[in-house]
A.B. asks: 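Would you mind keeping the following structure in view while I ask a few things?
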Amino acid sequence: MLPRTFDPAAVEARILRMWEEGGWFGASAGDVEAGGDPYVIVIPPPNVTAVLHMGHGLNNTIQDVLVRWRRMQGRVALWIPGTDHAGIATQNVVERRLAAEGRTRHDLGREAFVERVWEHVELTGDRILGQLKAIGCSCDWTRARFTLDEGLSRAVREIFVRLHERDLVYRGEYIINWCPRCLTALSNEEAEGSEADGSLWHIRYPLVAGHEEAAAAAREAGAAAVDRLPDGRWHLTVSTTRPETMLGDTGVAVNPGDPRYGALVGAAAHLPLAGRAIPIVADPHVRADFGTGMVKVTPAHDPSDFEIARRAGLEVLNVMTERAVMNDNAPAAFRGLDRFDARRAVVAALEQEELLAGRDVHRHAVPRCYRCDTVVEPRLSEQWFVRMKPLAEPALASSRDGAVAFAPRRWTRVYEQWMENIRDWCISRQLWWGHRIPVWTCGDCGREMACREDPSACGECGSVALEQDPDVLDTWFSSWLWPFSVFGWPEETDDLEAFYPGHTLATAPEILFFWVARMIMAGHHAMGAAPFARVYLHGTVRDIQGRKMSKSLGNGVDPLEVVELHGADALRWTVLAGAGVGADIRLDHEDLESAFAPGRNFVNKLWNAGRFALMSLGDDPIVPLRDVKGDLRLEDRWILSRQQHAVRRVDEELEAFRMQGVAEVLRDFFRGEFADWYLESVKHRLRPGGPGREAARSVLAHVLDRICRLLHPMIPFVTEELWGLLPGIEGRSGPLIVARWPAVDPGLEDPGAEDAFEWLRELIARVRGMRKEYGVGEGREIPLHLTGGENGGLLEGRGEMLRRLARIGSVATAPPPPGTACAGGVLRDGTELFVPLEGIIDLERERARAVREIDRLAGLSRGMEARLANRNFVTRAPAAIVEREREKLASCKLQLTKWNEKLTFLEGVGR
RNA sequence: GGGCGCUUAGCUCAGCCGGUCCAGAGCGCCUGCCUUACAAGCAGGAGGUCGCUGGUUCGAAUCCAGCAGCGCCCACCA
C-alpha cells in the first residue's frame with residue numbers, strides 16, 4: 001500500500017540512482033552519428049564561490065525541463081554541467097577566510113595560496129553538483145567540467161595565443177578601472193554604475209604672472225571664469241567632483257574654438273597646494289557650453305584627461321598608490337592619506353587659501369567594483385586588452401539575421417547596442433587565482449612571447465631566464481569559450497562535430513554582456529558559428545521585499561533546504577509556476593513552508609490521484625484504449641478530448657519558454673478536469689462489477705499515462721515513480737524519463753462530448769450552489785426538475801454520478817406541480833432548474849434573489865439593446881459578433897421573463 | 001542624460017497582436033464537510049474604479065499620449 005502523503009525523501013534518492021545507473025542522462029557523439037538529432041544545452045557554470053541559491057534553482061530547473069522535454073521527443077539530448085572558477089570572487093572569499101585567521105595571501109605566498117583556493121573549490125564544486133543532482137537535473141555528469149580544468153585551460157591558452165597572433169590581443173598602458181581593495185584591474189562591465197550625491201567644487205587656479213593681458217582679454221571676451229581677486233592676481237575657475245585629483249593635474253584645457261579663452265592658450269596656471277605651474281592647452285574634447293568651459297586635466301586619474309594629455313603632450317603624474325592612498329608625487333601634506341581623506345584635506349586647504357570659489361550639490365555616477373562594492377578608481381596601468389570590434393561584427397550580424405534569437409525579444413536591442421558600442425576588453429587581472437597569462441619575457445634579450453606550451457628557453461637568444469607574466473586572465477576569458485571548450489576544443493573532437501553548435505541557452509540577463517555576448521563572439525571566432533540559436537533570459541529570484549537573493553544579505557534560500565522540506569518536485573513546480581517569461585519571481589525566504597506550498601500541494605495531489613488510480617486499476621489486465629472505443633461514455637470521450645487540448649497547449653507554451661503557461665495548462669487539465677471531474681464521475685464504474693468498468697479502466701490508464709508524460713519535465717520524480725507502477729502502458733521499454741512525448745491524437749478529439757460534459761458540469765455546479773445557498777446539508781438528497789434546453793437526455797443513466805457529485809436524488813424532466821416553492825435557476829443553454837425545497841426554502845431570500853437576478857438581467861439586456869441600436873456597431877462590427885449579441889439578448893430576455901414569472905409566483909406564496 | 005520593464009483581488013502573478021473569459025490562477029481569508037485517493041483535501045463564497053488623466057474606436061485591463069510611483073540597464077560630460 002502506498003503512503004497517503006507523498007514522501008519525497010523516500011523516492012527521490014532511489015529514482016535518482018535509477019536514472020544515473022541506467023545512463024539515461026548521457027549522450028554520445030555516436031548517437032548523433034547514428035542519425036540522432038542532437039539537442040544541446042551547456043549550463044551557465046555556477047561560481048564555485050559558494051553553494052547555490054534559489055536563483056540557480058530556477059535557472060537549472062528551466063534547463064532541465066527543456067532537456068527532458070526534448071529527450072522525450074526523441075532528440076539526442078545533452079546537457080553539460082560544470083562550474084566556473086570565478087577568479088576575483090573566489091579569491092576574495094578565500095582571502096576573507098585568511099583574514100579571519102589574521103593572515104593575508106602574501107603570508108602564504110602564491111603557490112600555497114592557490115593550493116588553498118583549490119581546497120575550497122573542490123569542496124564547493126562538489127556540493128554544487130550535489131545540489132544540482134538533488135533538484136533532479138538530468139545533466140550528463142560524466143562530462144562535468146571546471147573552467148580551470150586542464151582541457152579548458154588549454155583552450156584558454158589557445159585562444160589567447162591565436163588572438164595575440166592576429167593582433168587582437170595587445171598590451172598597453174591605459175586608464176583602466178581599478179579596485180583599490182581587490183588590487184586588480186577590472187573590465188568596464190565589472191565596474192558597476194551606481195549613483196551618489198556628491199559635490200561639484202569650483203576651484204581657483206591663480207594665473208602665472210606675465211599673462212595678465214591675455215587674462216584681461218579673456219575677461220573682455222566674456223570669460224566669467226577668469227577674474228581678478230582683491231590681491232590683484234588673475235584666476236581661472238575649474239570644477240571637479242574629485243578635488244583630490246587636482247594634486248595630479250598637469251594642465252588646464254579649453255575648447256580650441258572657444259572665443260573666450262583663445263588668448264589664454266599657451267599661458268600657464270599655478271596649481272594650488274602643489275606649487276607647480278601647469279600649461280593651458282586647447283583640446284576639442286572640452287565642451288565650451290559645460291561649466292566654465294575650462295577643465296583641469298588629471299591624466300593619470302581620468303580616462304578622458306588621459307586622452308587630452310596624450311594629444312596635448314602633457315605630463316602624466318600619478319599621485320595615488322594601488323590602494324588609492326596619496327603617494328610621494330603628492331605634496332607632503334597629503335601623502336599617506338586615503339583618497340577620501342585627501343579629498344577633505346584638499347578642500348580644507350583650498351578654503352584656507354581662499355581658493356575655493358564655491359560648491360554645488362551634484363548627483364553623479366560612481367562606479368563600484370562588482371565584487372566588493374568598493375568605489376573604483378580610474379588608474380593608469382599596463383594591461384592586456386582584446387580588440388573587440390572585429391569580434392563583434394559577426395556576433396552582431398547573427399542577431400540581426402535571426403541566427404541567434406532572444407526571449408523576451410526586447411533583449412535583442414540591448415545586446416545589439418552593446419555590440420555596436422563595443423569597447424576593448426581589459427582581460428588581465430592582478431590576482432593569483434585564475435589562468436595565468438601565457439606570456440613570457442626573456443630576462444636577457446627582453447623578448448616577449450605568447451606561448452601555447454610553457455617555453456623552456458627564449459626563442460630569440462636561447463636564454464633560460466624567462467619570466468611569465470604574473471597576472472591572470474579575467475574569469476570570463478575562460479567562460480566565453482565554454483560552449484566549445486567543454487567538447488575538447490581546440491582538438492577536433494567527435495563531440496565538437498556532433499554537439500556544436502548547441503541550441504538553447506537559459507540564463508539571467510545580468511550576464512548578457514559578461515558572458516552571453518562574449519560567447520557568441522568567441523563562437524564565431526573559433527568555430528565559425530554562434531554557440532546556440534535561442535537565448536532565454538529568465539527573471540531573477542528575489543525575496544519578498546524585492547531584493548535579489550544573495551549571501552551577503554542573508555536572504556538566500558538553499559535548494560537543499562527546500563528539497564528536504566517539500567521535495568525537489570515541489571521546488572521545481574513552485575518556481576516554474578511562478579515564472580512568467582523573463583519576469584522576476586518573489587519568494588519569502590523566511591517562510592519556506594508556505595512559499596513552496598503551491599508545489600507541495602500540487603505534487604501531493606498528483607501522488608494521491610495516482611494512488612487512487614492504481615488501486616482502482618487493480619491487477620487485472622487493461623484493455624487497450626483502441627479496443628474499448630465503442631464502449632466509451634460521455635465522460636470518457638470528454639477527458640480524452642480535453643487531453644488533446646492539453647498536449648497541444650503544452651507544446652506551444654514550452655516552445656515559447658512560458659513555464660508558467662505550461663504549469664497553468666497542466667494544472668487545469670490534471671486537477672481541474674481529470675481529478676476533480678473525471679475521477680469523480682467514474683468512481684462508481686471503477687468498483688468491481690461497476691458499469692462500463694473495462695472502458696473506464698482503459699481510459700483511466702491511458703489518461704494518467706499521458707499526464708505523467710506531460711508533467712515529467714516539470715515534476716520528474718513523482719511522475720517517474722507513478723508511471724513505473726502504472727499498468728497497461730503499451731510499449732514500455734524503459735523508465736519514464738525516456739518515454740515518448742505525447743502527440744495530439746485527432747481521433748480522440750470530440751467537441752460534442754466536450755459541450756455535453758460542460759453542460760453537466762454547469763448543472764452540477766449550479767445545484768451545489770443552490771444547496772449551499774439554502775443551507776441544505778449534503779446528508780439530504782434533493783429532487784431535481786428541469787425543463788427546456790436540449791441536454792436533459794444527458795442525465796439518463798447518470799443517477800450515480802449525480803448523487804455523488806451533487807447529491808441529487810431524482811431527476812424529472814417536467815416542472816414541479818404548480819404552487820411548489822422552489823429554488824431555481826437557468827443554465828446557459830436555457831435549461832431551467834427547479835429544486836422543490838418544501839419546508840427548507842427561505843422565501844424571503846429567494847424573492848430577494850429573484851429581484852437581484854431581474855435587476856442584473858435587465859441591466860444586461862439594456863446594454864445589449866443599446867449596442868444593437870447603435871448603427872455603427874451593427875454595420876462595422878464583424879457580423880459574427882453582432883449575431884452573437886442578438887442571441888445573447890434573446891436568451892437574456894427569455895430568462896428575464898422566467899424570473900419575472902417566478903417572482904410573481906413567489907410573491908403569491910404565503911401572502 | 002539616454003533606453004527598457006513594471007503598476008490587475010490581502011500577497012505573488014496570468015491575461016494585454018482590441019469584442020465568450022458580464023476580469024483569472026496560486027497562496028491567504030470566510031462558510032460547510034474527517035464524503036474509504038488526497039484536510040498538503042473536497043464543496044461553496046467574499047474580495048478588484050485592471051496606477052492616474054486624456055485620446056483613438058461602435059467597443060479598451062488590452063492601442064496611443066501625458067503624468068505619477070517602483071525597478072533595471074547603459075553613459076568619460078569635468
A.B. asks: Starting at the 5' end of RNA chain B and moving along, which residue's nearest nucleotide shows up first, A:E192 or A:P8?
C.D. replies: A:P8
A.B. asks: Rounding to the closest angstrom, what is the interatomic distance between B:rA39 and B:rA23 at atom C1'?
C.D. replies: 31 Å
A.B. asks: Please determine, for the side chain of A:P878, which listed nucleotide (B:rG19, B:rA78, B:rC38) has the closest atom?
C.D. replies: B:rG19
A.B. asks: Just checking A:R410: base, sugar-phosphate only, or nothing, at a heavy-atom cut-off of under 4.0 Å?
C.D. replies: sugar-phosphate
A.B. asks: Taking only side-chain nitrogens and oxygens of A:N421, does any of them come within less than 4.0 Å of OP1 or OP2 of B:rA75?
C.D. replies: no
A.B. asks: Name the closest nucleotide to the A:D676 side chain, picking from B:rA37, B:rA75, B:rA43.
C.D. replies: B:rA43
A.B. asks: Distance check needed: B:rA40 C1' versus A:W573 CH2, whole Å only.
C.D. replies: 15 Å
A.B. asks: Mapping A:L200 and A:R586 to their closest nucleotides on RNA chain B, which lands nearer the 5' end?
C.D. replies: A:R586
A.B. asks: Considering only B:rG44, B:rG19, B:rA37, which nucleotide approaches the side chain of A:K772 most closely?
C.D. replies: B:rG44
A.B. asks: Report which part of the nucleic acid A:P598 touches: base, sugar-phosphate, or nothing (heavy-atom distance under 4.0 Å, all strands).
C.D. replies: sugar-phosphate
A.B. asks: Using whole Å, what does the distance between atom C1' of nucleotide B:rC72 and atom CZ of A:F513 come to?
C.D. replies: 11 Å
A.B. asks: Suppose you measure atom P in B:rA9 against the same atom in B:rA68; what distance do you get, rounded to whole Å?
C.D. replies: 23 Å
A.B. asks: Using only heavy-atom distances, decide whether a donor-acceptor pair under 3.5 angstrom links the side-chain of A:K683 to the base of B:rA37.
C.D. replies: yes
A.B. asks: With a non-hydrogen cut-off below 4.0 angstrom, is A:P509 in contact with a base, only sugar-phosphate, or nothing?
C.D. replies: nothing
A.B. asks: State which of B:rC38, B:rA14, B:rG44 makes the closest approach to the side chain of A:N608.
C.D. replies: B:rC38
A.B. asks: Can you tell me the distance, in whole Å, between the CZ atom of A:F290 and the P atom of B:rC77?
C.D. replies: 9 Å
A.B. asks: So A:H362 and A:H364, would you call those rings parallel, tilted or perpendicular, with 30° and 60° as cut-offs?
C.D. replies: parallel
A.B. asks: Counting only side-chain heavy atoms from C-beta out, which of B:rC42, B:rA25, B:rA78 sits nearest to A:R667?
C.D. replies: B:rA25
A.B. asks: Quick one: sort the A:F513 and A:W418 rings into parallel, tilted or perpendicular, breaks at 30° and 60°.
C.D. replies: parallel
A.B. asks: Could you check how far CZ of A:F602 sits from P of B:rA37, rounded to whole Å?
C.D. replies: 20 Å
A.B. asks: Counting only side-chain heavy atoms from C-beta out, which of B:rA37, B:rA75, B:rC73 sits nearest to A:R423?
C.D. replies: B:rA75
A.B. asks: Between B:rC13, B:rG44, B:rC42, spot the one nearest the side chain of A:Q660, thanks.
C.D. replies: B:rC13
A.B. asks: Between P on B:rC77 and CG on A:D360, what's the gap in Å once rounded to a whole number?
C.D. replies: 18 Å
A.B. asks: Which whole number of Å gives the distance between the P atom of B:rC64 and that of B:rC11?
C.D. replies: 28 Å
A.B. asks: Just how far, in rounded Å, is C1' of B:rG26 from CG of A:D588?
C.D. replies: 15 Å
A.B. asks: Between B:rU62 and B:rG18, how far apart are the two C1' atoms, rounded to whole Å?
C.D. replies: 6 Å
A.B. asks: Check if the side chain of A:H285 and the base of B:rC76 share a donor-acceptor pair of N or O atoms closer than 3.5 Å.
C.D. replies: yes
A.B. asks: Can a donor-acceptor pair under 3.5 Å be found between the side-chain atoms of A:E680 and the base atoms of B:rA37?
C.D. replies: yes
A.B. asks: Considering every strand and a 4.0 Å limit on heavy-atom distances, what is the contact class for A:A675: base, sugar-phosphate, or nothing?
C.D. replies: base
A.B. asks: May I ask you to say what A:R671 touches in the nucleic acid, namely base, sugar-phosphate or nothing, with a heavy-atom cut-off under 4.0 Å?
C.D. replies: sugar-phosphate
A.B. asks: At 4.0 Å (heavy atoms only), tell me whether A:D584 reaches a base, stays on the sugar-phosphate, or touches nothing.
C.D. replies: sugar-phosphate
A.B. asks: Quick one: label A:A583 by what it contacts on the DNA or RNA (base, sugar-phosphate, nothing), any heavy atom closer than 4.0 Å.
C.D. replies: sugar-phosphate
A.B. asks: Rounding to an integer number of angstrom, what distance separates B:rG3 and B:rG10 when you compare their P atoms?
C.D. replies: 35 Å
A.B. asks: Among A:E190, A:E510, A:E189, A:E192, find the residue that satisfies the side-chain hydrogen bond (donor to acceptor under 3.5 Å, both in side chains) test when tested with A:Y370.
C.D. replies: A:E190
A.B. asks: Over all strands shown, is A:S239 touching base, sugar-phosphate only, or nothing at heavy-atom distances under 4.0 angstrom?
C.D. replies: sugar-phosphate
A.B. asks: Say you pick atom C1' in B:rC77 and the same atom in B:rG69; how far apart are they, in whole Å?
C.D. replies: 29 Å
A.B. asks: Assign A:A597 to base, sugar-phosphate, or nothing according to its heavy-atom contacts below 4.0 angstrom with the strands shown.
C.D. replies: nothing
A.B. asks: What is the separation between atom CZ on A:R542 and atom C1' on B:rG5, rounded to the nearest whole Å?
C.D. replies: 11 Å
A.B. asks: Roughly how far apart, to the nearest Å, are B:rC76 and B:rU56 at atom C1'?
C.D. replies: 44 Å
A.B. asks: Which one, B:rG41, B:rA40, B:rA78, comes nearest to the side chain of A:R600?
C.D. replies: B:rA40
A.B. asks: If you look at every strand shown and take non-hydrogen atoms under 4.0 Å, does A:R768 touch a base, only sugar-phosphate, or nothing?
C.D. replies: sugar-phosphate
A.B. asks: Quantified in whole Å, what is the P atom distance between nucleotide B:rA78 and nucleotide B:rC16?
C.D. replies: 44 Å
A.B. asks: At less than 4.0 Å, is any side-chain N or O atom of A:K888 found next to OP1 or OP2 of B:rC22? Yes or no.
C.D. replies: no
